[in-house]
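Here is the structure we will look at, set down as structure tokens.
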Number of protein chains: 2
Amino acid sequence: MPSAISLLGVPRGEDDRPQYLALRDQIASAIDLGKLSPGARLPSERQLQTDTGTARGTIREALFQLEAEGLIYRRDRSGWYVSPPPVTYDPTRWAGFMTYVVEQQRVPATETLSIESVAAPSAVADIFRRAPGTPMHCVTRRRSIDGRAVLIERIMVDPVLAPGLAEHDLNGSLTQILSTHYGLQAVRNRVDMRPCALTTSVAEMLGVKPGTPGLLVVRTSFAENGAVVEYDHEYWRHDAIRVHVDLQVRP
Amino acid sequence: MPSAISLLGVPRGEDDRPQYLALRDQIASAIDLGKLSPGARLPSERQLQTDTGTARGTIREALFQLEAEGLIYRRDRSGWYVSPPPVTYDPTRWAGFMTYVVEQQRVPATETLSIESVAAPSAVADIFRRAPGTPMHCVTRRRSIDGRAVLIERIMVDPVLAPGLAEHDLNGSLTQILSTHYGLQAVRNRVDMRPCALTTSVAEMLGVKPGTPGLLVVRTSFAENGAVVEYDHEYWRHDAIRVHVDLQVRP
DNA sequence: TAGTGGTCTAGACCACAGA
DNA sequence: CTGTGGTCTAGACCACTAG
């Protein structure tokens, strides 16, 4: 029973820590101590409400905090769950998603949501060095780890380089297909990353609330002749990924 | 006037978009259109309340959303402001903070907050390959861009390799000092990145609310003989940084 | 259908920034 | 000092998940 000295306004214990942070600490330490394992479900907000005697809004603030830290996540209208550990992504390695997830003893899965031909917006056209409006393959896929959807990717491929791409099974490694069937080999990779919030369309596909924190990874692969092989936007749940780069000075 | 069809619960316009997202869109487009420039201050929450006729909680939800997207930020108890553009950080380049910020036509600044000797916790000791409890230099610095604090860094350096480090002016490039005065040259860099939430202590130093979204960058620099030259944690405001990596396949 | 999170209201007081 | 954001309360109804 945390000192109920007064009953209005913001009384607060002697410690000066807001209630929602205090609750955050309680839950965080429960996770640290293993009382709540990855994947475990937290008590419902209303349960916490009666347990702690604080308003639901305050409860939710603590939960949002933990979500921002990547410790918990929510399944829409189902509940709050403890986040599994993140996978490590290394842009200097050429291994694709399926490969590095398996290497980390996790189970990857890919689902192709759509494959369509779209007119290249000018930003995309620039990258492919083609005229705006040129048709492009646009593949949308959802990828999961241990059954939990962790990213949505939208890949643009030039149909001139990969005609009939749609005929292939795209639920595996796209890089593999481009290499095997079209002789397209990347020799250079450009990667951009930045924290973002997941916008409505992506959020829906991941089954999360719009505005959930995320990480945007933009990959551009170039062939030997400088042609763009793949132009890829990956929208990750922020708690699912960690980036690792190891670099040597070349003498 | 967005259709006041009913007066209780959540009526919502025909579009099915929650009010807080609608407000988010309004503000976001005002920023896009340049009606609000980087650094500009938004109307106060209570002003928006009377302007839009919605409850303050709803207003704040929209603002949090925009903050998570990196479009706006807050100065504690002062107001909400439009975020300046992020700087690009390239871990494959050896240029330090001062250098790459200037290259991007921005004004960098460094402030040393503390320099002390601490006993290495076991995790740190492992990295330096020394016994736990071995004394280490620990430098805490705050770095700013155009006058806005964007990151806190905590650097650990082995005092055996850099005796008397505290005597130097640490408000410039530490890498430079280690190289010039101690002959410590990094030949390998290991970088880890992950989205996080800024914890209380860091948040205070940055003057932001605890839980504000951030990006943690951990750098480990190795000398030719494998010794660890610098072990550095950088806590960035998430809206201030973008990471860029460009990689070639070596034939 | 019961229970969950999602959205929203309309208040209140507190701590601090800034003039 | 005034005004700002920060924290908190105690309700309400909605939209969805899951049994």
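Note on naming: letters A, B, ... go to the chains in the order of the sequence lines (proteins, then strands), and numbering restarts at 1 for each one.
- Remark: A:Arg46 in residues 40-47 of chain A come within less than 4.0 Å of DNA chain D through at least one heavy atom.
- Mapping A:Tyr20 and A:Ser78 onto DNA chain D via the closest heavy atom, the residue that lands nearer the 5' end is A:Tyr20.
- Between the side chains of A:Arg143 and A:Thr110, at least one donor N or O lies within less than 3.5 Å of an accepting N or O.
- Per the geometry, CG belonging to A:Leu21 stands 7 Å off P belonging to D:dT7, to the nearest Å.
- Counting only Watson-Crick and G-U wobble pairs whose two key distances fall under 3.5 Å, DNA chain D forms stems of three or more stacked pairs at C:1-18 with D:1-18.
- Summarising the geometry, the separation between CG on B:Asp76 and C1' on C:dG18 is reported as 13 Å, rounded to the nearest angstrom.
- Cation-pi geometry between A:Arg75 and A:Tyr81 is satisfied (NZ or CZ under 6.0 Å from the ring centre, within 45° of the ring normal).
- A side-chain contact (heavy atoms from CB on, under 4.5 Å) with A:Thr140 is found for one member of A:Met205, A:Glu153, A:Glu111, A:His233 and no other, namely A:Met205.
- Residues from residues 199-209 of chain B placing a heavy atom under 4.0 Å of any atom in DNA chain C do not occur.
- Crowding of A:Gln176 atom CD: a count of heavy atoms from other residues, nucleotides or ligands under 6.0 Å not exceeding 12.
- The shortest side-chain heavy-atom distance between A:Leu215 and A:Val217 falls under the 4.5 Å cut-off.
- The stretch residues 197-215 of chain B participates, sequence neighbours left out, in no salt bridge (charged side-chain N to carboxylate O under 4.0 Å, His left out) pair at all.
- Listed by chain and number, the residues in a side-chain hydrogen bond (donor to acceptor under 3.5 Å, both in side chains) with A:Arg24 are A:Glu69 (sequence neighbours excluded).
- Residues from residues 53-75 of chain B with heavy atoms under 4.0 angstrom of DNA chain D, sorted by number: B:Arg56, B:Arg60, B:Arg74.
- Between the C1' atom of C:dG6 and the CD atom of A:Gln49 lies a distance of 14 Å, rounded to the nearest Å.
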